[in-house]
K.L.:
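Have a look at this one before I ask anything.
Just so you know, these numbers use all the heavy atoms, side chains as well, and skip hydrogens, waters and symmetry mates. If you're wondering where the values come from, they're calculated on a predicted model, not measured in any experiment. Quick note on labels: first sequence line is chain A, next is B, and so on, each numbered from 1.
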Protein chains: 2
Amino acid sequence: MSQDNKRPLTLRDVSEASGVSEMTVSRVLRNRGDVSQATREKVLAAAKDLGYVPNKIAGALASNRVNLVAVIIPSLSNMVFPEVLTGINQVLEDTELQPVVGVTDYLPEKEERVLYEMLSWRPSGVIIAGLEHSEASRAMLEAAGIPVVEIMDTDGKPVDAMVGISHRRAGREMAAAILKAGYRRIGFMGTKMPLDHRARKRFEGFTETLARNGIEIEDRAFYSGGSALAKGREMTQAMLERSPDLDFLYYSNDMIGAGGLLYLLDQKIDVPGQIGLAGFNGVELLQGLPRQLATMDACRKEIGQMAARIIAARLAEPAQPVENHVTLTPKISFGDTLKRR
Amino acid sequence: MSQDNKRPLTLRDVSEASGVSEMTVSRVLRNRGDVSQATREKVLAAAKDLGYVPNKIAGALASNRVNLVAVIIPSLSNMVFPEVLTGINQVLEDTELQPVVGVTDYLPEKEERVLYEMLSWRPSGVIIAGLEHSEASRAMLEAAGIPVVEIMDTDGKPVDAMVGISHRRAGREMAAAILKAGYRRIGFMGTKMPLDHRARKRFEGFTETLARNGIEIEDRAFYSGGSALAKGREMTQAMLERSPDLDFLYYSNDMIGAGGLLYLLDQKIDVPGQIGLAGFNGVELLQGLPRQLATMDACRKEIGQMAARIIAARLAEPAQPVENHVTLTPKISFGDTLKRR
DNA sequence: GTGAAAGCGCTAACAG
DNA sequence: CTGTTAGCGCTTTCAC
């Protein structure tokens, strides 16, 4: 069976064990070129018997091919990026490509490090969240000479391809729906993340539409850390004590929105009659709350899928031009917390 | 500035641009060995100017060192593994090591494929969830000749090291607390995942303690897919309609437990007086619910941290023996849904 | 259908 | 402190 010394097995070991040249062993193991059924079986038997695991490092160096796709995202902990990954995985599973993920914690310097690190493995493509990168990062992406898809956001100019939604527009549309429903005294709650450009753009779009209608946000609050649900609850309480005449609360994400919703229900406040609520993301997780929070789907899975498809298509047919700039359009779901009219 | 042809830059390019030998360039870029300040600066300037990104593939092959740690987990979508990853990341960030994650979807065959794939990159260590693996997987882990830490579970025999909690014991302790509080007519709800061995062990431990006290579960139900919160709500309703005299509901995870809790509150059922509830995991996310669900912390972050520390220590001091079998002991938090006595 | 030779881009091990 | 030489384990290319 398997060896006992510490040296990992090489092709040569399989070659010797099977009496077939290294070259032919290599061909069998990769299913490349014609090999007679007889030798093929001999080789496979020997490889399996020894417990041989090919060395991709050597293979990649020799062939100048690496079936890795670097996926660079800000965070794993907020439920939105895992869904993007799921979409990417689904698509890449039908290809030779393998995703490798790196996390930046929303820090440009860390993004730069992670990108450098990943590029040093010479991946076949890059999927990276956002359109805002340090100059050095952009330079690396441009110089890499591989397909690059920037995801989540389409408010800006990509290095190469992009797939996402317009967060600015998402903010505008939510503002429009809120105004249309008759709400006028609006409070905002979000994360204290100056580097979350997508949240910022939503906020900008939101206030822009309000302003165009002569309205300004009456109160705002930001949080960081802790359980989003609990923060939503606390902040909502604090805000309503401070500004009791608000008639709408817009949250930068569904989790804090849900916290707010639970608080209002506790307080027996009429939602959406007295106060309306809306979040952002379309988190499936929250189905099952006593009321459905109004929200807007960020199209996370689709974004992952399309990004992966673009990479795969580019690599399969480098010549064929591929749809490069994809803007998905999320729709509002009114749920039970935003009057419909 | 950067090049425009498609060939990636090599050390040789930097060498020529700086007039320093490849070897010395290599030393500068890796901070190895003594290099005069003057040449160091020349080299760094040239590298930066060209936009050189080292080729780790070649480096790894030549040095026979790969600073990658394979992390193999069943899922990214249920909030528990991202937390484990966070713990791993925290610790590895202070080292040269880089985690690379693979996802198995709770499928042994997929675990085997992923493991094979990862081992073919010759990582320096493996962190893998669970103690149950296919024979082939175990063989690969044993033959790899690198530190292997099996995490989450300690009810079984690891290939090498393990860090986790005893899920069987967790189940037993929860059963004991429930009985002690005086509940007797108990229902169980969980996921339909025959391959989630940890959930199974918790369930076994749970029923074992009940049986030892002459009690059997009166009703049970399993779900798959969908929003756990919504499922918890639906299943709880269905179960109580079917078995209206239950006085306790034990859930295999906090999310469905929270769904159940919300349902009972809606129905104005007295919790924990008429019916008690408990889940499992200690999900921080749920703080902010109107009541705190009784639960048991799975020590996710600590597990990730300790596993990473074991790998790091082993690689730093291969001789030094390292604490190999770590069993953490979660405590029950009673919250507001399990009578305390 | 199979094999031999060369070399991928880097670093270990020496030599100066 | 700096340079030279020889591979790492595989695949490409070409020959048989």
Side-chain angles (χ1 to χ4, degrees), chain A residues 3 6-44 46-47 50-67 96 117 119-124 144-145, chain B residues 3 6-44 46-47 50-67 96 117 119-124 144-145:
Chain A
Q3 44 134 32
K6 70 278 327 308
R7 177 182 62 77
L9 294 161
T10 68
L11 218 41
R12 164 177 237 107
D13 296 306
V14 182
S15 163
E16 283 169 1
S18 61
V20 176
S21 78
E22 281 187 50
M23 197 50 238
T24 301
V25 171
S26 167
R27 280 194 271 252
V28 170
L29 266 22
R30 285 176 300 145
N31 281 313
R32 280 255 193 300
D34 295 324
V35 181
S36 75
Q37 192 54 28
T39 40
R40 152 170 270 98
E41 275 161 18
K42 248 193 309 190
V43 168
L44 289 174
L50 292 170
Y52 172 69
V53 176
N55 185 330
K56 287 218 179 181
I57 308 244
L61 183 61
S63 66
N64 193 26
R65 261 196 294 273
V66 183
N67 292 323
E96 301 277 66
E117 196 71 24
L119 288 180
S120 73
W121 288 100
R122 299 288 186 266
S124 296
Chain B
Q3 43 133 35
K6 69 281 324 309
R7 176 182 63 77
L9 294 162
T10 69
L11 217 40
R12 165 179 235 106
D13 295 309
V14 181
S15 164
E16 282 168 3
S18 62
V20 177
S21 78
E22 281 187 50
M23 195 53 233
T24 300
V25 172
S26 167
R27 279 194 271 252
V28 171
L29 265 23
R30 285 177 300 146
N31 281 316
R32 281 255 193 298
D34 296 323
V35 181
S36 76
Q37 190 55 28
T39 40
R40 151 171 270 96
E41 275 161 18
K42 246 191 310 188
V43 168
L44 288 175
L50 293 171
Y52 172 69
V53 176
N55 185 331
K56 287 220 178 176
I57 308 243
L61 183 61
S63 66
N64 196 27
R65 260 195 296 271
V66 183
N67 292 325
E96 300 277 67
E117 196 71 24
L119 288 180
S120 73
W121 288 101
R122 300 287 186 267
S124 295

K.L.:
So, OP1 or OP2 of dA12(C): does either fall under 4.0 Å of a side-chain N or O from Arg65(B)?
P.N.:
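For dA12(C), OP1 or OP2 has a side-chain N or O of Arg65(B) closer than 4.0 Å.
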K.L.:
Below 4.0 angstrom from OP1 or OP2 of dT2(C), is there any side-chain N or O of Thr39(A)?
P.N.:
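The answer is yes; a side-chain N or O of Thr39(A) sits under 4.0 Å from OP1 or OP2.
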K.L.:
Does some side-chain heavy atom of Glu41(B) sit less than 4.5 Å from a side-chain heavy atom of Leu44(B)?
P.N.:
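No, too far: nothing below the 4.5 Å cut-off.
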K.L.:
Rounding to an integer number of Å, can you tell me how far Leu29(B) CG sits from dG9(C) P?
P.N.:
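After rounding, the gap between these two atoms is 16 Å.
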K.L.:
With a 4.5 Å heavy-atom cut-off, do Lys56(A) and Ile57(B) have their side chains touching?
P.N.:
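No. Closest side-chain heavy atoms not under 4.5 Å.
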K.L.:
Is any side-chain N or O of Ser63(A) closer than 4.0 Å to OP1 or OP2 of dT11(D)?
P.N.:
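Answer is no, no contact under 4.0 Å.
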K.L.:
Could you tell me whether the phosphate oxygens of dC1(D), OP1 or OP2, come under 4.0 Å of any side-chain nitrogen or oxygen in Ser36(B)?
P.N.:
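Result: no.
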K.L.:
Taking CZ from Arg30(A) and P from dG9(D), how many angstroms apart are they, rounded to a whole number?
P.N.:
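The distance from CZ of Arg30(A) to P of dG9(D) comes to 17 Å, rounded to the nearest Å.
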K.L.:
Grab the CG-C1' distance between Asn64(A) and dG7(C) for me, whole Å please.
P.N.:
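My rounded result for the distance is 12 Å.
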K.L.:
Select one nucleotide: of dG9(D), dG3(D), dC10(C), the one nearest the side-chain heavy atoms of Thr10(A).
P.N.:
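Nearest listed nucleotide: dG9(D).
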K.L.:
Check every strand shown and say whether Asp34(B) touches a base, only sugar-phosphate, or nothing at a heavy-atom separation below 4.0 Å.
P.N.:
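Base: the residue Asp34(B), judged by heavy atoms under 4.0 Å, touches a nucleobase.
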K.L.:
Respond yes when some side-chain nitrogen or oxygen of Thr24(A) is under 4.0 Å from OP1 or OP2 of dG3(C), and no when none is.
P.N.:
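Yes.
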K.L.:
Measure across Tyr52(A) and Leu9(A) and return the closest heavy-atom pair with its distance rounded to 0.1 Å.
P.N.:
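For Tyr52(A) versus Leu9(A), the nearest heavy atoms are CE1-O, 3.6 Å.
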K.L.:
Could you check Leu61(B) against Gly19(B) and say which one's nearest nucleotide on DNA chain D is further toward the 5' end?
P.N.:
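Closer to the 5' end of DNA chain D: Gly19(B).
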K.L.:
In whole Å, what is the span from the CG atom of Leu11(B) to the P atom of dG3(D)?
P.N.:
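So the two atoms are 12 Å apart, to the nearest Å.
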K.L.:
Output the rounded distance in Å from NZ (Lys42(B)) to P (dT2(D)).
P.N.:
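About 8 Å, once rounded to whole Å.
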K.L.:
Just the rounded figure in Å: distance from P of dA12(C) to CE of Met23(B).
P.N.:
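Spelled out: CE on Met23(B) to P on dA12(C) is 7 Å.
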K.L.:
State which residue, out of Met23(A), Glu22(A), Glu16(A), fulfils the side chain to side chain contact (heavy atoms under 4.5 Å, CB included) condition with Leu11(A).
P.N.:
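The residue from Met23(A), Glu22(A), Glu16(A) that satisfies side chain to side chain contact (heavy atoms under 4.5 Å, CB included) with Leu11(A) turns out to be Glu22(A).
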K.L.:
What is the distance, to the nearest angstrom, from the CD atom on Glu22(B) to the P atom on dA6(D)?
P.N.:
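It works out to 15 Å between those atoms.
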K.L.:
Would you tell me if any nitrogen or oxygen in the side chain of Ser26(B) comes within less than 4.0 Å of OP1 or OP2 on dT11(C)?
P.N.:
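Answer yes for this pair, as a side-chain N or O of Ser26(B) is under 4.0 Å from OP1 or OP2.
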K.L.:
Starting from the 5' end of DNA chain D, give me the residue, Gln37(B) or Arg122(B), whose nearest nucleotide shows up first.
P.N.:
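It is Gln37(B) whose nearest nucleotide is closer to the 5' end.
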K.L.:
Does Ser18(B) reach the main-chain N or O of Val14(B) with its side chain, forming a donor-acceptor pair under 3.5 Å?
P.N.:
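Side chain of Ser18(B) to backbone of Val14(B): a pair is present.
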K.L.:
Return no unless some side-chain N or O of Tyr52(A) is found under 4.0 Å from OP1 or OP2 of dG9(D).
P.N.:
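No, Tyr52(A) has no side-chain N/O under 4.0 Å of OP1/OP2 on dG9(D).
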K.L.:
Whole angstrom is fine here: how far is it from CD in Glu41(A) over to P in dG1(C)?
P.N.:
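Taking atom P of dG1(C) as the reference, CD of Glu41(A) is at 15 Å.
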